[in-house]
J.: 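I have a structure here, written as structure tokens, and I will follow up with some questions on it.
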Amino acid sequence: MSTSTRHEVRFCGAEPDAELPTGLARSGEPEWGLVQGNSPVGFAACGLDGQLRNAPQARHFVAATLNGWALHTLVPDVAVVVSELVTNAVQHALDPASPDDGDYPVWLGIFLHPGDLVCAVTDPSSDPPRPRDADACAVGGRGLKLISALSDTWSWSLTPPRGKTVWATLPLHPQVS
């Protein structure tokens, strides 16, 4: 991989001139964008309109981005993590009665660092993600456990002026057990 920085902003349904939310801005990144203490060597973002169809859109975006970065082997795990992050944002962070969320209330950012990949989803809610204990027959409630199992770490931070960013870090070279 070359040492030059690759910054791409692709839009999944968002207009090309749509403004990135503060949490996904390339300059002045919060700590989740600088997990390893260095600037990312690649960046891609995707604006999402907050509909249930966003999870498959996010998976396609991740596959196209990672394939473009020659990181094909990461696609399955990253697609699951991103699908869960986006689904949580759409199902738990958006208020259907709030017209103030804008056309693209959910943003997905992918940050490529020399040793890892950070997947970050920004939404307008300041409520923290809440892991649940799902019953064996429950249809949902396992998303954060899946994210935890597939990533090195995950967390969240408030995103001024409102909202939050939930992020997960995955190694570029997964350890074989």
Side-chain angles (χ1 to χ4, degrees), residues 1-16 18 20-21 23-27 29-91 93 104 106-123 129 131 139-140 142-157 165-177:
M1 179 168 63
S2 103
T3 58
S4 65
T5 302
R6 295 180 251 180
H7 291 299
E8 303 170 34
V9 180
R10 291 189 234 143
F11 297 89
C12 306
E15 296 299 318
L20 289 173
L24 294 183
R26 288 176 291 264
S27 62
E29 292 172 16
E31 63 186 64
W32 51 263
L34 299 171
V35 172
Q36 296 297 325
N38 55 16
S39 295
V41 295
F43 171 79
C46 175
L48 300 163
D49 62 6
Q51 303 298 312
L52 290 177
R53 67 175 176 256
N54 290 164
Q57 289 172 331
R59 288 191 298 270
H60 288 111
F61 171 76
V62 161
T65 300
L66 295 181
N67 286 331
W69 290 346
L71 297 172
H72 318 289
T73 59
L74 295 179
V75 172
D77 287 352
V78 175
V80 170
V81 167
V82 164
S83 184
E84 294 300 330
L85 290 171
V86 168
T87 298
N88 285 348
V90 170
Q91 288 185 343
Y104 305 101
V106 176
W107 282 84
L108 164 62
I110 306 295
F111 299 83
L112 176 61
H113 293 274
D116 61 27
L117 187 81
V118 178
C119 307
V121 173
T122 298
D123 65 56
V139 176
R142 296 175 188 83
L144 292 175
K145 287 185 180 182
L146 283 170
I147 292 167
S148 184
L150 294 172
S151 64
D152 279 351
T153 186
W154 74 270
S155 191
W156 70 282
S157 58
T165 299
V166 183
W167 55 266
T169 304
L170 290 88
L172 289 183
H173 306 289
Q175 307 240 342
V176 179
S177 310

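If you read the sequence from its start, that first residue is 1, and numbering goes on from there. Because the structure is a prediction, the values reported are computed rather than measured.
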J.: Could you walk me through whether Leu108 and Leu85 pass the side-chain contact (heavy atoms from CB on, under 4.5 Å) test, one step at a time?
T.: CA-CA 9 Å; Leu108 164 62; Leu85 290 171; 5.9 Å; no

J.: Closest heavy-atom contact between Ala45 and Trp107?
T.: CB-CE3, 4.4 Å

J.: Nearest heavy-atom pair of Val90 and Gly50: which atoms, and what distance?
T.: CG1-O, 3.4 Å

J.: Out of curiosity, Leu144 CG to Ser151 OG, how far, rounded to the nearest 0.5 Å?
T.: 10.0 Å

J.: Can you sort out the partners of Ser83 under side-chain hydrogen bond (donor to acceptor under 3.5 Å, both in side chains), two or more places apart, ordered by chain and number?
T.: Arg59

J.: What do the steps show when you test Leu150 against Val80 for side-chain contact (heavy atoms from CB on, under 4.5 Å), and what is the final call?
T.: CA-CA 8 Å; Leu150 294 172; Val80 170; 3.5 Å; yes

J.: Classify the ring geometry of His113 against Phe111: parallel below 30°, tilted from 30° to 60°, perpendicular beyond 60°.
T.: parallel

J.: Going from CD1 on Ile110 to CG on Leu170, what distance comes out if it is rounded to the nearest 0.5 angstrom?
T.: 9.5 Å

J.: To the closest 0.5 Å, what do you measure between CZ (Arg53) and CG (Leu48)?
T.: 9.5 Å

J.: Over all heavy atoms of both residues, which pair between Ala55 and Thr87 is shortest? Give the atoms and the distance, please.
T.: CB-OG1, 3.5 Å

J.: Which value, rounded to the nearest 0.5 Å, describes the distance between Trp167 atom CH2 and Trp154 atom CH2?
T.: 9.5 Å

J.: Give a yes-or-no answer on whether the side chains of Thr122 and Thr165 include a donor-acceptor pair shorter than 3.5 Å.
T.: yes

J.: Regarding Asn54 and Gln51, do their side chains bring together a donor and an acceptor under 3.5 Å, going by distance alone?
T.: no

J.: Leu71: which residues meet the side-chain contact (heavy atoms from CB on, under 4.5 Å) condition with it, sequence neighbours left out?
T.: Leu66, Trp69, Leu74, Leu112, Leu172

J.: Among residues at least two apart in sequence or on other chains, which ones pass side-chain hydrogen bond (donor to acceptor under 3.5 Å, both in side chains) with Asn67?
T.: His72

